[in-house]
Amino acid sequence: MSDILAGLNDKQLQAVTLPRTSALILAGAGSGKTRVLTTRIAWLIQTGAISPNGVLGVTFTNKAAKEMLTRLSSMLPINTRGMWVGTFHGLCNRFLRAHHREARLPTMFQILDIADQLSVIKRLMKQMNVDDEKYPPKQVQNYINGAKDEGFRASSMDAYDKHSEKLREIFAEYDAQCQREGVADFAELLLRCFETLAREPALRSHYQERFSYILVDEFQDTNRLQYQWLKLLAGSQNAVFAVGDDDQSIYSFRGARVGNMQDFQQDFDVKEVIKLEQNYRSHSNILNAANAIIAQNKNRLGKNLWTAAGDGEPIRLFDAYNDTDEAGFIVDEVKALQKEGVELQEIALLYRSNAQSRILEHALFSAGLPYRVYGGLRFFERSEIKHSLAYLRLVSNPDDDVSLLRVINFPARGIGTRGLEQLQEVARGQNTTLWQAALQQSGKIAGFVALIKILQEQCQGLKLPEMMDVVTSMSGLRAHYQSEKEGEDRIANLDELVNAAVTFVQERDENTLIDFLTFASLEAGEHQADPGRDALQLMTVHAAKGLEFHTVFISGLEEGLCPHEQSMSDANGLEEERRLMYVAVTRARRRLYFSHAQSRMLHGQVRYNIPSRFLDEIPENLLKRLNTKVAQKYPESAWTEPVTRRHETTPTWRIGQNVSHAKFGAGVILAYEGGADARVQVSFRLSGIKWLALEYAKLEVEKRL
DNA sequence: TGGCCGAGACTTTTT
DNA sequence: GTCTCGGCCA
């Protein structure tokens, strides 16, 4: 009937044109998930089922939200600007700004990122005299965020001993402190929105009536709170269209709950589960490998990818002598691919952990190959940017203690630790913010107060980019960096911040300071600039999710790295590692390389790892082994045949690891010798130091608590 | 106040 | 191996 449906396959079409009921779309990698999602919205609007206002579209990343809106406006002649399509956090923020009174937040509340949050926690703990050895601030932060992700406040947390009581107490104090300062952390945005909707029937029914169609992307990544939030907005009437892939759930460590997919079918009485299994990305050798790997997982809804595109090339497997050798191999292959005409930006080097990138970078750098590493500091996380934003935040809300502390003595104005301690003392005594306490001070602190007041006056009526200029100059930031030896980059970034403000004002109609500050918090910017240049893409497997490349190298496929040693002890952890492998494999369109190294330098130690068990799970006929090169390159003595046999749960050994032996009891590994008859030196608690041949001695990894 | 040094960490991180 | 953090000193 209309051309927006043209080219959809049967399953996609079925999903797009479902009647108004809740449905679960199991969308495999490369199955056209985003297309289905956006076409569904377009179809609903086009057929008159709903107006653009009645749609709620939720994603996890700004990128995905933007992509949906862009595609939508290319399909339909509508203005997408006012539509409620965005990230969980973005939409909740929008709600909280609109209903700040009901949500009990100040008009200009500001958003804390993880670093800001940590500094609040540290400060608070110092104030409360909590021992940070016993309660590492990072752990406290995880505790608080974990609780909020589950929908809990301090008051509903269990405490069964001194330790958990203390944590709960810090949690409560932390929330009180944020409330005083008028700031909200990421999890707070969601929780506060949820609580407000739950508490205010009028608001709730307003939104429930408005959003009769709710669409959710990456449903497998939702946490408990997000699930409850969706449930609340759906009420008993609205249709939730949940798109996700349980096999690509790789964020459980951040609170994602795959189980939400099962719960969803129950709670929303889902009659329609549609599987999108046709893959439009890869050749079938790649898909068959992915299918074979993921089939080993017991806990899944079940799905098998297929393609009409033919077998394609075999997957190339390289057995490296060590990590340098592995990197050298990749460099050689990349050069060959380059000669074949493959663009560098179409080639990805994936690894399990960031630490692995260094050696690859080194090899690429020596070979003169341009590359781009994802995952470093993002634009809005840079210190000079955070400093100037802190001034801006103070202009907008001087009660923001985090920002005040960040810049009260930066650039240095002679306000030392003692002065600050005194200030904090006063604030604590009066139960107010640092700013309120600072207003009563004289001397240097009064000077700072005056500066902020002047900035506030000067910014009155200015446009955003002009404000930036005023603030960075008058605060002395610019001058400070100009006098710094290595300050050029920082100055350039400050200029870039002004540019960002210009673009922000142009792209959206918003022009207010608070909108920009919110934008800066919720969208931390690109991981690295310079995307125009043709360069290899280096990133973790996590970062690669959602992307695709002509060629993919997956390196470090060794037990202990992938699966990671800290995840392989329990079944759930191992299954998630396998999903990670599945995600990695399905990134490749045409060519896929696996590599592993017999030894590699990790944490300053040489470690000898056996090949990843995931390699064993791939049918041999899909693989092409490329071992010959290494055998020639290295002398007989140094080269040992790749280990292919192995029992189910062979651990990898490293120095310092706790192990236990049937006869000798518990001990610690002192040294390790690799090779054909690998042996370890163990210091046993009761029986002293011994060398043990790994082939015979039954050593077991000591279980962690 | 800044800089230097030693200790300890160190999986992944959409907002 | 390399980065960050905290303590201590000039």
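Residue numbers begin at 1 in each chain, while the letters A, B, ... track the order of the sequences. The model shown is predicted, which means the values in this text are computed figures rather than measured ones.
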Tell me: [atom1] of [X] to [atom2] of [N], nearest whole Å?
| X | N | atom1 | atom2 | value |
| --- | --- | --- | --- | --- |
| A:Tyr351 | B:dC10 | OH | P | 19 Å |
| A:Leu191 | B:dT15 | CG | C1' | 15 Å |
| A:Leu91 | B:dT14 | CG | P | 19 Å |
| A:Glu576 | B:dT13 | CD | C1' | 12 Å |
| A:Lys63 | B:dT13 | NZ | P | 14 Å |
| A:Glu559 | B:dT11 | CD | C1' | 15 Å |
| A:Gln117 | B:dT15 | CD | C1' | 12 Å |
| A:His89 | B:dT15 | NE2 | C1' | 4 Å |

Ignoring the backbone of [X], work out which of [options] is nearest its side chain.
| X | options | result |
| --- | --- | --- |
| A:Thr540 | B:dT14, B:dT15, B:dT12 | B:dT12 |
| A:Gln566 | B:dT11, B:dT15, B:dT13 | B:dT11 |
| A:Ala543 | B:dT13, B:dT14, B:dT11 | B:dT13 |
| A:Phe60 | B:dT11, B:dT15, B:dT14 | B:dT14 |

- Task: Kindly write out the residues that satisfy side-chain hydrogen bond (donor to acceptor under 3.5 Å, both in side chains) with A:Arg35, not counting sequence neighbours, or none if the list is empty.
- Result: none
Under-4.0 Å side-chain N/O to phosphate OP1/OP2 contact, [X] with [N]:
| X | N | result |
| --- | --- | --- |
| A:Ser353 | B:dC10 | no |
| A:Arg378 | B:dT15 | yes |
| A:Asn354 | B:dT11 | no |

Grab the N/O contacts between the protein and nucleotides 1-8 of chain B below 3.5 Å, and write none if there aren't any.
from, atom 1, to, atom 2, distance (Å)
B:dT1, OP1, A:Asn409, ND2, 3.1

- Item | Sugar-phosphate only, base, or nothing, as touched by A:Asp113 at under 4.0 Å among non-hydrogen atoms | nothing
- Task: Could you check whether A:Glu577 gets within reach of a base, just the sugar-phosphate, or nothing at all, counting any heavy atom under 4.0 Å?
- Result: base
- Query: Can you list every pair that meets salt bridge (charged side-chain N to carboxylate O under 4.0 Å, His left out) and has a residue in residues 124-136 of chain A, with sequence neighbours left out?
  - Reply: none
- Query: Under the salt bridge (charged side-chain N to carboxylate O under 4.0 Å, His left out) rule, what pairs show up with a residue in residues 111-123 of chain A, not counting sequence neighbours?
  - Reply: A:Asp113-A:Lys386, A:Asp116-A:Lys386, A:Asp116-A:Arg393, A:Arg123-A:Glu181, A:Arg123-A:Asp401
- Using 4.0 Å as the upper bound for N to carboxylate O, is an ion pair formed by A:Lys63 and A:Glu523? no
side-chain contact (heavy atoms from CB on, under 4.5 Å) with [X]: which residues, sequence neighbours excluded?
| X | answer |
| --- | --- |
| A:Asp570 | A:Asn572 |
| A:Glu195 | A:Arg153, A:Leu191, A:Arg192 |
| A:Ser396 | A:Met108, A:Gln110, A:Leu513, A:Ile514, A:Leu517 |
| A:Arg224 | A:Glu150, A:Arg257 |

- Message: With the stacking rule set at 5.5 Å and 30°, tell me whether A:His564 counts as stacking on B:dT11.
- Response: yes
- Spacing of the P atoms in B:dT13 and C:dT4 (rounded, Å): 16 Å
- Message: Roughly how many Å apart are B:dT12 and C:dC5, using the C1' atom of each and rounding to a whole number?
- Response: 23 Å
- Query: What pairs meet the side-chain hydrogen bond (donor to acceptor under 3.5 Å, both in side chains) rule with one or both residues in residues 244-254 of chain A, with sequence neighbours excluded?
  - Reply: A:Asp245-A:Gln248, A:Asp245-A:Lys303, A:Asp247-A:Arg300, A:Asp247-A:Lys303, A:Gln248-A:Arg587, A:Ser252-A:Glu576
- A:Arg600 meets the salt bridge (Lys or Arg N to Asp or Glu O under 4.0 Å) criterion, sequence neighbours left out, with A:Glu326, A:Glu558
- Task: Could you tell me how the ring of A:Phe380 sits relative to the ring of A:Phe516: parallel (under 30°), tilted (30 to 60°) or perpendicular (over 60°)?
- Result: perpendicular
- Task: Using a cut-off of 6.0 Å, state whether more than 12 heavy atoms not belonging to A:Phe365 lie near its atom CZ.
- Result: no
- Query: With a 6.0 Å cut-off on ring centres, are A:Tyr207 and A:Phe95 close enough?
  - Reply: yes
Using a cutoff of under 3.5 Å, can you pull out all pairs of nitrogen or oxygen atoms linking the protein to nucleotides 1-5 of chain C, with atom names and distances?
from, atom 1, to, atom 2, distance (Å)
C:dG1, O6, A:His603, O, 3.3

- Item | Interface residues of residues 247-261 of chain A with DNA chain B (non-hydrogen, below 4.0 angstrom) | A:Tyr251, A:Phe253, A:Arg254
